[in-house]
Amino acid sequence: MTHPRVICLGEILFDYLADQPGHSPKQVESWTPHAGGAPANVACALAKLGTPAGFIGCVGQDEPGDSLVRVLSGAGVGVTGIQRHKTAPTRAVYVLRSETGEREFAGFGERDTTEFADTYLQSDQLPEELFENAEFLVLGSLEMAYPDSRKAIERAIDLAEQHYVKIVLDVNWRPAFWPDPADAPQLILDLLPQVDFLKLSEEEAEWLLGATDASSISYKLDSVEGVLITAGEHGCSYCLGDTCSQVPAFPVKVADTTGAGDAFLAGFVHQICQHGISILEDPQMAKKVVTYACAVGSLTATKPGAIAGAPDAGEVEAFLHSSAVH
């Protein structure tokens, strides 16, 4: 693919999900690898919904790296932006699951967070041609934790601004990824004036901005076009342009919440790519867009694995139809 409409930049990795829910790391007998990493999840979910997406990130020259490139290619995601590091390994994350499907990070095995290939993403190797026809750049904040990948994010933002690409930031706060978590708030806050759309969970909104209300955050930031705050089973609140409202969650049987927020974001961006950004000026249409995003997130949580669990457009439409009927 030469012309993705959405570029997703950041970490790609294997989540090793505990096969025994409700166990501590020492009690877990086996782990199942699932391809993941928030920006990679968003790219795959977009491609599955039918919006062309490309991924920029760095993996090792190892079998897990080869496997992740195959996963992206197989999902229809453009991989020309993927860099390979000669010595650093592809990142692996161990994830515990509760009996109800909630997850908890259990670390990186024997390695330090700074040792993985994704931290070495090189700013001077970003393919500018990807930005020339793109409409959105989707970023997380994790790669702000490392000097090389932080420069790559800054370069990507420069390219996005040069080519009039809208910037979407999913805060995706994961303290375990940061060598010093105390550095995170200011580095993330410094990004916000350059961001067009901001997505946070309720906990992240409280942590970063001291508020969980989309309208007060939108007012406080002033520069953003939209704020989306997800609250799991309590749905989502949002401010898009002058419209501030909320959408309830869809009741589903949760298997694994990994990647549900990424799928939500993919659903949101997909709808704007489908209908044009001006759709958000109509309060009823804005609500439809967020409802669609919630449906994509909810469906993803019904299956294990963020990428494998993402629905296609037909599944989302059928789900929305059946929910409306009921």
Side-chain angles (χ1 to χ4, degrees), residues 5-6 41-42 45-46 48-51 53 135-136 138 166-172 192 195-206 209 211-252 254 257 259-302 310-326:
R5 294 180 71 182
V6 184
N41 294 342
V42 175
L46 279 163
K48 213 161 176 184
L49 290 169
T51 291
E135 294 164 48
F136 289 93
V138 176
K166 296 284 186 187
I167 297 167
V168 183
L169 176 67
D170 181 353
V171 168
N172 196 31
L192 298 186
V195 167
D196 298 293
F197 292 93
L198 177 65
K199 177 200 164 281
L200 318 98
S201 68
E202 253 187 359
E203 297 82 4
E204 289 164 349
E206 180 63 53
L209 296 159
T212 57
D213 177 58
S215 58
S216 61
I217 289 173
S218 185
Y219 180 77
K220 183 184 280 196
L221 296 178
D222 192 36
S223 57
V224 295
E225 293 178 37
V227 175
L228 302 155
I229 299 180
T230 55
E233 63 191 24
H234 303 295
C236 168
S237 68
Y238 63 91
C239 260
L240 297 167
D242 297 327
T243 305
C244 296
S245 187
Q246 47 196 24
V247 169
F250 290 94
V252 293
V254 172
T257 57
D262 306 326
F264 167 92
L265 188 58
F268 175 76
V269 174
H270 169 69
Q271 283 290 288
I272 300 175
C273 286
Q274 289 270 297
H275 302 291
I277 205 158
S278 61
I279 191 178
L280 300 177
E281 293 164 17
D282 178 332
Q284 279 186 304
M285 294 307 292
K287 189 157 207 155
K288 273 192 171 177
V289 168
V290 179
T291 302
Y292 185 97
C294 285
V296 180
S298 296
L299 278 169
T300 302
T302 64
D312 63 31
E315 289 174 283
V316 182
E317 294 298 342
F319 178 74
L320 284 167
H321 179 72
S322 68
S323 299
V325 169
H326 295 107

Practice prompt. Taking E204 for its side chain and S201 for its backbone only, find out whether a donor-acceptor pair lies under 3.5 Å.
Written response: yes
Item to complete: Identify whether the distance between the nearest side-chain nitrogen and carboxylate oxygen of K166 and E225 falls below 4.0 Å.
Response: yes
Worksheet item: T291 versus F250: any side-chain heavy-atom pair under 4.5 Å?
Response: yes
Worksheet item: Which heavy-atom pair separates I229 from A205 by the least distance, and what is that distance?
Response: CD1-CB, 4.2 Å
Practice prompt. Check for a donor-acceptor pair, side chain of S298 on one end and backbone N or O of C294 on the other, with a separation under 3.5 Å.
Written response: yes
Worksheet entry | Minimum heavy-atom distance E315-L299, with the two atoms named | O-CD1, 3.9 Å
Worksheet item: Taking atom CG of L209 and atom OG of S218, what is their separation to the nearest 0.5 Å?
Response: 11.0 Å
Worksheet item: Can F319 and V296 be said to form a side-chain contact (heavy atoms from CB on, under 4.5 Å), step by step?
Response: CA-CA 9 Å; F319 178 74; V296 180; over 6 Å; no
Worksheet, complete the sentence: Between the CG atom in D262 and the CG atom in N41, the distance rounded to the nearest 0.5 Å is 4.5 Å
Discussion item. Working note: V195 + L221, criterion side-chain contact (heavy atoms from CB on, under 4.5 Å); need CA distance, chi angles, decisive distance, verdict.
Written reply: CA-CA 10 Å; V195 167; L221 296 178; over 6 Å; no
Discussion item. Donor-acceptor check, side chain of E281 to backbone of G241, threshold 3.5 angstrom: yes or no?
Written reply: no
Worksheet, complete the sentence: When every non-hydrogen atom of E135 is compared with those of C273, the smallest separation belongs to OE1-SG, 4.1 Å
Worksheet item: Is there a side-chain contact between L265 and V168 (heavy atoms, below 4.5 Å)?
Response: yes
Response to the item:
Tightest non-hydrogen contact, residues A295 and L320, listed as CB-CD2, 3.8 Å
Worksheet item: If you measure from CD on Q271 to OG1 on T51, what distance do you get to the nearest 0.5 Å?
Response: 8.5 Å
Item to complete: Answer yes when K48 and D312 have at least one side-chain N-carboxylate O distance shorter than 4.0 Å, and no when they do not.
Response: no
Discussion item. Counting only heavy atoms not in Q246 (residues, nucleotides, ligands), do more than 12 fall under 6.0 Å from its CD?
Written reply: no
Discussion item. Would you say that Y238 contacts V247 through its side chain, given a criterion of any heavy-atom pair below 4.5 Å between the two side chains?
Written reply: yes
Worksheet item: Are the side chains of I272 and F136 in touch, meaning some heavy atoms are under 4.5 Å apart?
Response: yes
Worksheet item: In Å, rounded to the nearest 0.5 Å, how long is the span from CG of L49 to OH of Y292?
Response: 4.5 Å
Worksheet entry | Rounded distance [0.5 Å steps], NE2 in H270 versus NE2 in H275 | 7.0 Å
Discussion item. Below 30° counts as parallel, above 60° as perpendicular, anything between as tilted: where do the rings of F197 and F268 land?
Written reply: perpendicular
Worksheet item: Would you say L228 and F264 make side-chain contact, with heavy atoms under 4.5 Å?
Response: yes
Response to the item:
Nearest heavy-atom contact between T212 and E202 is CG2-O, 3.6 Å
Practice prompt. Mind listing the closest non-hydrogen atom pair of S237 and A214 along with its distance?
Written response: OG-CB, 3.7 Å
Discussion item. In the structure I gave you, are the side-chain heavy atoms of V6 and V138 within less than 4.5 Å of one another anywhere?
Written reply: yes
Worksheet entry | Within 6.0 angstrom of E206 CD, more than 12 heavy atoms from elsewhere | yes
Worksheet item: Could you state the interatomic distance from OG (S245) to CG (L240), rounded to the nearest 0.5 Å?
Response: 10.0 Å
Fill in: Side-chain heavy atoms of V224 within contact of D196, under 4.5 Å
no
